[in-house]
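Basis for what follows: all heavy atoms, side chains included, without hydrogens, waters or symmetry-related copies. All values derive from a computational prediction rather than experimental measurement.
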Amino acid sequence: MRIFCLVIMLVGMTLMAVTAYRYYSLIKYNNQETYAVKQERRITQKVSLVLMFVFIGGFCVGIFDILTRQVEPIYFFVVIIFFLGASFIFSAVSAQGEMAVALRGKTMETMKTFVNAIDLKDAYTKGHSAHVYQIVRLFYEYFDEKRKDRINEPKLLDAALLHDIGKISIKDETLNKPGRLSEEDWANIRQHPLNGKKMLDDTTFAEISDWVLYHHERIDGQGYYGMRAEEIPEESRIITIADTYSALCTDRVYRKKQTHRQAVEIMKEAMGTQLDTELMQIFLRIPEQELETLAAGSLPQ
């Protein structure tokens with residue numbers, strides 16, 4: 001009886017320890033991936049995690065009791081109840097994890113739908129949004145730990161993927177005009193960051209709408225809305241660099257694509273005026289072959 005109870009308690013305690021770790025990972029995942037997480041929810045998450053550790057403490061006390069006292073028949077029922085409780089909590093946390101991943105998958109499918117709509121509408125820049133996404137994802141890998149801690153990677157990538165969503169509101173004849181654009185055409189196209197913000201503000205993506213709004217700002221204040229340097233969200237400045245590189249390295253109706261080296265030279269000249277100098281210094285550390293292997297038009301899985 002003693003050995004049986006001891007084994008069951010040890011297995012249950014191990015199961016609870018694994019569950020606590022998985023729940024902590026789930027909390028971290030949700031806080032990174034989920035938009036507009038309310039403070040009440042964060043408190044509930046922390047309380048639940050603390051209670052799991054209290055439950056683990058209960059297992060420790062039970063194991064000590066089994067080792068030091070006379071094992072009575074009632075112990076068998078207590079041990080089984082503890083084990084079933086641990087099993088239930090493990091199953092509940094596993095189900096929550098699966099639901100979180102499924103919801104994230106649905107969110108990504110929604111974003112892909114928007115991107116596909118942009119590509120169908122703007123034939124000349126097909127694959128551009130996905131290319132910018134891939135560049136930003138690679139760019140992030142070269143940030144130091146302090147910058148990585150400051151920037152939410154999943155939300156930055158969402159903003160990169162959706163940065164041109166406002167183009168959905170631009171007329172087809174303007175986006176696909178084969179000749180030189182008129183001032184009126186350019187005025188319409190310059191509305192796409194604001195239109196994108198308006199579209200996102202009515203959704204759960206409102207948290208990243210300003211990053212989309214300011215992705216055409218310049219460090220010298222000569223951008224669409226006259227924002228300067230640190231006034232521009234860091235995430236927008238990151239997307240601007242990726243957007244610029246993608247635009248230079250892909251064919252456009254008005255010019256052929258540049259080589260990597262040509263694009264880099266052009267971007268170097270724009271440091272401190274259009275592009276953030278500090279971020280550009282990080283971008284320039286990315287090896288040429290890594291940037292060139294990014295597949296334009298390859299949507300994230």
Subject >> Results of side-chain contact (heavy atoms from CB on, under 4.5 Å) for Leu84 - residues two or more places apart only >> reply: Ile80
Subject >> Ring-face cation of Arg137 near Tyr140 (centre distance under 6.0 Å, axis angle within 45°) >> reply: no
Original post:
Are the aromatic ring centres of His192 and His215 under 6.0 angstrom apart?
Top reply: yes
Original post:
How long is the gap from CG on Leu194 to OG on Ser169, to the nearest 0.5 Å?
Top reply: 9.0 Å
Original post:
Side chains of Gln258 and Ile266: does their closest heavy-atom pair fall under 4.5 Å?
Top reply: yes
Original post:
Quick one: are the ring centres of Phe283 and Tyr142 less than 6.0 Å apart?
Top reply: no
Subject >> Arg2 side chain vs Gln70 backbone, donor-acceptor pair below 3.5 Å >> reply: no
Original post:
Do Leu10 and Val7 share a hydrophobic cluster (ILVMFWY, side-chain heavy atoms under 4.5 Å, transitive)?
Top reply: yes
Subject >> Electrostatic pair Asp144-Lys146, nearest N-O below 4.0 angstrom >> reply: no
Subject >> Electrostatic pair Glu278-Arg147, nearest N-O below 4.0 angstrom >> reply: yes
**OP:** Report yes or no: does Ser48 contribute a side-chain atom to a donor-acceptor pair with the main-chain N or O of Thr44 at less than 3.5 Å?
**Re:** yes
Original post:
Should Arg237 and Glu217 count as an ion pair when the cut-off is N to O under 4.0 Å?
Top reply: no
Subject >> Nearest-0.5 Å distance, CZ of residue Phe59 to CD1 of residue Ile8 >> reply: 10.0 Å
**OP:** Quick one: closest heavy-atom pair of Phe139 and Ile282, and the distance?
**Re:** CE1-CG2, 3.8 Å
Subject >> Cationic N near anionic O, under 4.0 Å, Lys268 to Glu265 >> reply: yes
**OP:** Determine, for Glu153 against Lys148, whether the closest basic-nitrogen to carboxylate-oxygen distance falls under 4.0 angstrom.
**Re:** no
Original post:
Is the closest basic N to carboxylate O distance between Asp210 and Lys197 below 4.0 Å?
Top reply: yes
Original post:
Does atom CZ of Arg150 have more than 12 heavy-atom neighbours from other groups under 6.0 Å away?
Top reply: yes
Original post:
Using a distance-only test with no angle check, is there a side-chain donor-acceptor pair under 3.5 angstrom linking His128 and Asp243?
Top reply: yes
Subject >> hydrophobic_cluster_shared for Val11 and Met52, side chain cutoff 4.5 Å >> reply: yes
Only distances under 3.5 Å count here; give the side-chain donor-acceptor pairs of residues 16-28 to other protein atoms, sequence neighbours excluded, each with its distance to 0.1 Å.
residue, atom, partner, partner atom, Å
Thr19, OG1, Leu15, O, 2.7
Arg22, NH1, Ser94, OG, 3.2
Ser25, OG, Tyr21, O, 3.1

Original post:
Which distance, rounded to the nearest 0.5 Å, do you find between the OG1 of Thr203 and the CD1 of Ile208?
Top reply: 7.5 Å
Original post:
Between Thr244 and Leu275, is any pair of side-chain heavy atoms under 4.5 Å apart?
Top reply: yes
**OP:** Begin from the C-alpha positions of Tyr133 and Val115 and carry the test side chain to side chain contact (heavy atoms under 4.5 Å, CB included) through to its verdict.
**Re:** CA-CA 11 Å; Tyr133 173 97; Val115 172; over 6 Å; no
Subject >> Result of checking Asn195, Leu200, Ile239, Asp201 against Val212 for side-chain contact (heavy atoms from CB on, under 4.5 Å) >> reply: Leu200
Subject >> Met108 reachable from Met199 in the ILVMFWY side-chain graph, under 4.5 Å edges >> reply: yes
Original post:
Taking side chain as C-beta onward, heavy atoms only, is Met267 less than 4.5 Å from Leu284?
Top reply: no
**OP:** Run the salt-bridge test on Arg104 and Asp158 with the 4.0 Å N-O cut-off and return the result as yes or no.
**Re:** yes
**OP:** Would you please test Thr273 and Asp220 for side-chain hydrogen bond (donor to acceptor under 3.5 Å, both in side chains) and show each step?
**Re:** CA-CA 5 Å; Thr273 53; Asp220 60 9; 4.8 Å; no
Subject >> Interatomic distance, Ile66 atom CD1 to Leu6 atom CG [nearest 0.5 angstrom] >> reply: 6.0 Å
Original post:
Under 3.5 Å, side chain of Glu292 to main-chain N/O of Gln289, donor-acceptor pair present?
Top reply: no
Original post:
To the nearest 0.5 Å, what is the distance between CG (Leu138) and CD1 (Ile286)?
Top reply: 4.5 Å
**OP:** Could you tell me whether the side chain of Asp276 reaches within less than 4.5 Å of the side chain of Thr240, counting heavy atoms only?
**Re:** no
Original post:
Taking Glu290 for the side chain and Pro287 for the main chain, is one N or O donor matched with an acceptor at less than 3.5 Å?
Top reply: no
**OP:** Check the pair Ile219, Arg228 against side chain to side chain contact (heavy atoms under 4.5 Å, CB included), reporting the backbone distance first and the verdict last.
**Re:** CA-CA 5 Å; Ile219 300 302; Arg228 286 180 176 273; over 6 Å; no
Subject >> Thr113 side-chain N/O to Glu109 backbone N/O, donor-acceptor pair under 3.5 Å >> reply: yes
Original post:
Is His131 close to Val136 at the side-chain level, that is, under 4.5 Å between some pair of heavy atoms?
Top reply: no
Original post:
Rounded to the nearest 0.5 Å, how far apart are OG1 of Thr293 and CD of Glu288?
Top reply: 10.5 Å
Original post:
Less than 4.5 Å apart, any side-chain heavy atom of Thr259 and any of Val264?
Top reply: no
Original post:
Given side chains that start at C-beta, do those of Tyr214 and Glu235 come closer than 4.5 Å, heavy atoms only?
Top reply: no
**OP:** Consider only side-chain heavy atoms of I, L, V, M, F, W and Y, link residues closer than 4.5 Å, and tell whether Val93 and Ile56 are in one cluster.
**Re:** yes
**OP:** Please confirm whether the backbone N or O of Gly272 pairs with a side-chain atom of Thr277, one donor and one acceptor, at under 3.5 Å?
**Re:** yes
**OP:** Assess the pair His260 and Tyr245: is the distance between their ring centroids shorter than 6.0 Å?
**Re:** yes
**OP:** Give a yes-or-no answer on whether the side chains of Asp164 and Ser129 include a donor-acceptor pair shorter than 3.5 Å.
**Re:** no
Original post:
Can you hop from Met9 to Phe53 via hydrophobic side chains spaced under 4.5 Å?
Top reply: yes
Original post:
Side chains of Glu234 and Ile151: does their closest heavy-atom pair fall under 4.5 Å?
Top reply: yes
